[in-house]
Amino acid sequence: MRLPLRLDAVLVQALIAAALSFAHLHDLAAAAGQHGWKAWAYPVSVDLLLVAAWRRLRSGGAKTAGWCWFLVALTASLGANVSTAGLLDLNAVPAWLRILVAGWPAVAFLGGTLLAHEAPRSEETPAVAEEATAPPISTPELPIAEPESKPEPAPLPATSVPPALVAMARKVADEHRTRTGTAIDTSTLRARLGVPMQLAEAIAAQLT
């Protein structure tokens with residue numbers, strides 16, 4: 001299966017810049033007396049220190065050490081690039097530059113170790129510790145309010161029933177008793193007379 005190849009212009013530019021910087025560091029180390037595999041190890045140590053410092057800056061931890069070692073590695077890389085641009089005779093490297101190149105491995109080892117091993121953080125935050133040591137706050141007890149008694153509903157006013165309506169209701173009730181053998185209920189009385197329920201209840205009360 002053929003995988004699609006995607007070229008990123010920024011990635012290509014970064015690879016070209018890294019290769020050029022790698023070559024300049026190699027040439028400077030070789031000119032300062034570091035031959036063979038040593039000359040190739042110098043650019044690797046500079047690039048690794050840059051990566052370690054950048055990871056510390058991205059991790060959100062103590063950024064002071066990250067910036068410090070990032071500037072140290074950047075100065076070493078930039079110094080090698082400028083030195084090999086014709087400003088320095090690589091056939092006659094000065095003694096102070098030889099000393100810097102020879103002492104670089106110790107500096108890179110120290111920076112990489114400090115960046116890789118971060119001090120452990122305390123699990124308990126200051127806010128939690130302060131909350132644990134703070135004395136408990138007593139809350140005053142509030143009196144419990146007794147539930148208010150609801151007022152009893154006022155009795156409904158008595159409904160006045162005309163005597164003629166009572167006589168008609170009595171006749172309807174007698175007819176119902178004769179036909180069914182039972183007393184007429186209020187709902188049936190209301191339906192037969194066509195009056196409201198309240199008036200039907202008042203009529204039924206007078207029939208008993």
*In a check of side-chain contact (heavy atoms from CB on, under 4.5 Å) between Leu49 and each of Leu115, Leu110, Val44, which one passes?*
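Answer after filtering Leu115, Leu110, Val44: Leu115.
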Result block: side-chain N/O donor-acceptor pairs under 3.5 angstrom for residues 101-108, not counting sequence neighbours:
residue: Trp104; atom: NE1; partner: Ser45; partner atom: OG; Å: 2.9

*Apply side chain to side chain contact (heavy atoms under 4.5 Å, CB included) to Leu78 and list each qualifying residue two or more places apart in sequence or on a separate chain.*
Val82
*Residues in side chain to side chain contact (heavy atoms under 4.5 Å, CB included) with Pro196, at least two apart?*
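Pro196 satisfies side chain to side chain contact (heavy atoms under 4.5 Å, CB included) with Leu199 once adjacent residues are dropped.
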*How would you list, by chain and number, every residue that makes a side chain to side chain donor-acceptor pair (under 3.5 Å) with Thr178, sequence neighbours excluded?*
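Thr178: no side chain to side chain donor-acceptor pair (under 3.5 Å) contacts found.
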*Any side-chain heavy atom of His26 within less than 4.5 Å of one from Trp40?*
yes
*asked:* For a 4.5 angstrom cut-off between non-hydrogen side-chain atoms, does Glu175 reach Ile184?
replied: no
*Do side-chain atoms of Thr75 reach the backbone of Leu71 as a donor and acceptor pair under 3.5 angstrom?*
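Present.
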*Please name the pair of heavy atoms, one in Leu25 and one in Ala80, separated by the smallest distance, quoted to 0.1 Å.*
CD2-CB, 3.2 Å
*Under 6.0 Å from the CE atom of Met168, do we count more than 12 heavy atoms belonging to anything else shown?*
no
Using distance only, find each side-chain donor-acceptor pair of residues 185-195 under 3.5 Å and give its atom names and separation, not counting sequence neighbours.
residue: Asp185; atom: OD1; partner: Thr188; partner atom: OG1; Å: 2.5
residue: Asp185; atom: OD2; partner: Thr188; partner atom: N; Å: 3.4
residue: Asp185; atom: OD2; partner: Thr188; partner atom: OG1; Å: 3.3

*asked:* Nearest 0.5 angstrom please: Leu74 CG to Trp67 CH2, how far?
replied: 10.0 Å
Using a 3.5 Å cut-off and no angle test, enumerate the donor-acceptor pairs between side-chain atoms of residues 27-38 and protein atoms at least two apart in sequence or in another chain.
none

